[in-house]
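The chains referred to below are lettered A, B, ... by the order of the sequence lines, with proteins before strands, and numbering in each begins at 1.
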Number of protein chains: 2
Amino acid sequence: MPKNTFFNIKEEKRKMIEEESINEFSIYSYENSSINRIVENCKISKGSFYQYFENKEDLYRYIISLSVEKKMKYVNAALISEIDNGFIKIIKEIFKSGLKFAYENEKLASIGVLLMKNNNSEIYRKVIGQNKNMAIDFYKKLIEIEIENGEIKPDINVEFTSYLINSMMINLSEYFFEINKNNEKKFSEEMLFLVDDLMDMLINGIGS
Amino acid sequence: MPKNTFFNIKEEKRKMIEEESINEFSIYSYENSSINRIVENCKISKGSFYQYFENKEDLYRYIISLSVEKKMKYVNAALISEIDNGFIKIIKEIFKSGLKFAYENEKLASIGVLLMKNNNSEIYRKVIGQNKNMAIDFYKKLIEIEIENGEIKPDINVEFTSYLINSMMINLSEYFFEINKNNEKKFSEEMLFLVDDLMDMLINGIGS
DNA sequence: GTATCATGTGACTAGATGGTCACATTGCGA
DNA sequence: TCGCAATGTGACCATCTAGTCACATGATAC
């Protein structure tokens, strides 16, 4: 966590540091990011920076925590409202809220994507660590329940399917970013139809 | 391309340099890899290295070309033998040959994975560049043909589905690596069943 | 006015990096 | 044995990195 000094400085300055850090980490991976660049963009001195944060990792973890906190606000709302409505509805809402988060917090989302991609790095182990399979395990439980309910084929490879759904969520974000980048389209319900397409594919397949 | 000198040196030495470079790039991304480390591991001098290669990029492109060439040998064989057997069979064989390549050339495959992950880096643009969507476009054509043949639903999102299949191939490799790492299982036909599972999911869905 | 303490500063360190270059060694043909 | 060209070398350069530290400035208390 940042030192107390960081929370004592003027809010304007604090926001500036947060903003520039988010910007840096949304462009560069942890390893390739640069404290020098951040302090230069913030127009604060190196010495000041190290009075606010223990080190680079301290700053990174703080920024990640901001991102996680914000994303949780989106996803939790979806989870709570759909918890009793079965697999498809829950997954759909998780995906949609994930997309919405990514659209409304492009840089924070990008930081997450970069971290997830670098899943062999030391910082990944440190930051994600034992929570690595949290999402996958969650999907696994949902699937198992739905198999019992007779909604999902009992002979599918649950482990692999959970992994795949998790990957799809990540891929979906990337696809979404790519479309958004090229087309300059505004985010709309139309974009969320992608989620419906995806879930339809997952449940019913593409074969006719 | 490497300079002529590189192809003049003793084969033993050349193989050594190739091997150590493959090792380095399979662990570190292009940006994080180190020529210093490579020459140290090869026990050649820095000066020698720069008599073989123009620069770091030159070496990297060469190693990538080795990897692509080898992978093509696997995939092309599959393509040629299955070209007339329809979408499912072709995709299955591409996936299977991809897995086989990854298993038998773990480090080369890892280099490819690292490059694909860094799809925002300068080196990605340089090396992959305009071939970025080659695989996706290929899947797109296959799907369109199969829609005409009545084998695939005509109302699916072709663009998105192609993208997804491409992602699946990448995810599959990663999943495969992860399983392989943890279980110390030998590669077997059993592993290839994953591809069958995946394709069954794609065609028929997981719903019952 | 002075003492004290929090905050701000940027030159500096040690360790990397990719790449260069003057020079040393080797091999080979005459 | 000489001469020349190909190959090999590692100290060195400029440039980057994260992190430190002696000092400067500012604010508050008395």
* Is the distance from OP1 or OP2 of dG8(D) to the nearest side-chain N or O of Lys13(B) less than 4.0 Å? -> yes
* Asked: Tell me: CD1 of Ile9(A) to C1' of dT7(C), nearest whole Å?
  -> 10 Å
* Asked: Lys46(A) has an atom NZ; how far is it from atom C1' of dT20(D), in whole Å?
  -> 9 Å
* Sidechain-backbone polar pair: Asp58(A) side chain, Met1(A) backbone, donor-acceptor under 3.5 Å -> yes
* Asked: Rounded to the Å, how far apart are Tyr28(B) OH and dG18(C) P?
  -> 12 Å
* Given that Ser48(A) and Arg37(A) both sit by DNA chain D, which one's nearest nucleotide is further toward the 5' end? -> Arg37(A)
* Structure fact -> Quick note, Gln51(A) side chain, CB onward, closest among dA18(D), dG10(D), dT7(C) is dT7(C)
* **For atom CG of Asn32(B) and atom P of dG15(C), their distance in whole Å** => 20 Å
* For Phe160(A), does its backbone N or O pair with a side-chain atom of Asn157(A) as donor and acceptor, under 3.5 Å? -> yes
* Asked: Expressed in angstrom and rounded to an integer, what is the separation of Glu57(A) atom CD from dT17(D) atom P?
  -> 19 Å
* Structure fact -> Between Phe49(B) and Gly47(A), the residue closer to the 5' end of DNA chain D by nearest nucleotide is Phe49(B)
* Phosphate OP1/OP2 of dT7(D) contacted by Asn8(B) side-chain N/O (<4.0 Å) -> yes
* To do: To the nearest Å, give me how far apart CD (Glu40(B)) and P (dT17(C)) are.
  => 9 Å
* Provide, to the nearest angstrom, the distance between the CD1 atom belonging to Ile123(B) and the P atom belonging to dT17(C). => 18 Å
* Validation row, ring centre Phe6(A) to ring centre Tyr62(A) under 6.0 Å -> yes
* **Rounded interatomic separation in angstrom, taking CD from Glu54(A) and C1' from dT20(D)** => 14 Å
* Could you verify whether a donor N or O on one side chain and an acceptor N or O on the other, from Asn119(A) and Lys117(B), lie under 3.5 Å apart? => yes
* Which part of the nucleic acid, if any, lies within contact of Tyr52(B), taking any heavy atom under 4.0 Å across all strands shown: a base, the sugar-phosphate backbone alone, or nothing? -> sugar-phosphate
* Respond yes when some side-chain nitrogen or oxygen of Asn36(B) is under 4.0 Å from OP1 or OP2 of dT17(C), and no when none is. => yes
* Does a side-chain N or O from Tyr50(A) land closer than 4.0 Å to OP1 or OP2 of dG19(D), or not? -> yes
* To do: Using only side-chain N and O atoms of Ser34(A), determine if any of them is under 4.0 Å from OP1 or OP2 of dT17(D).
  => yes
* Do we see a donor-acceptor contact under 3.5 Å between the side chains of Thr5(A) and Asn8(A)? -> no
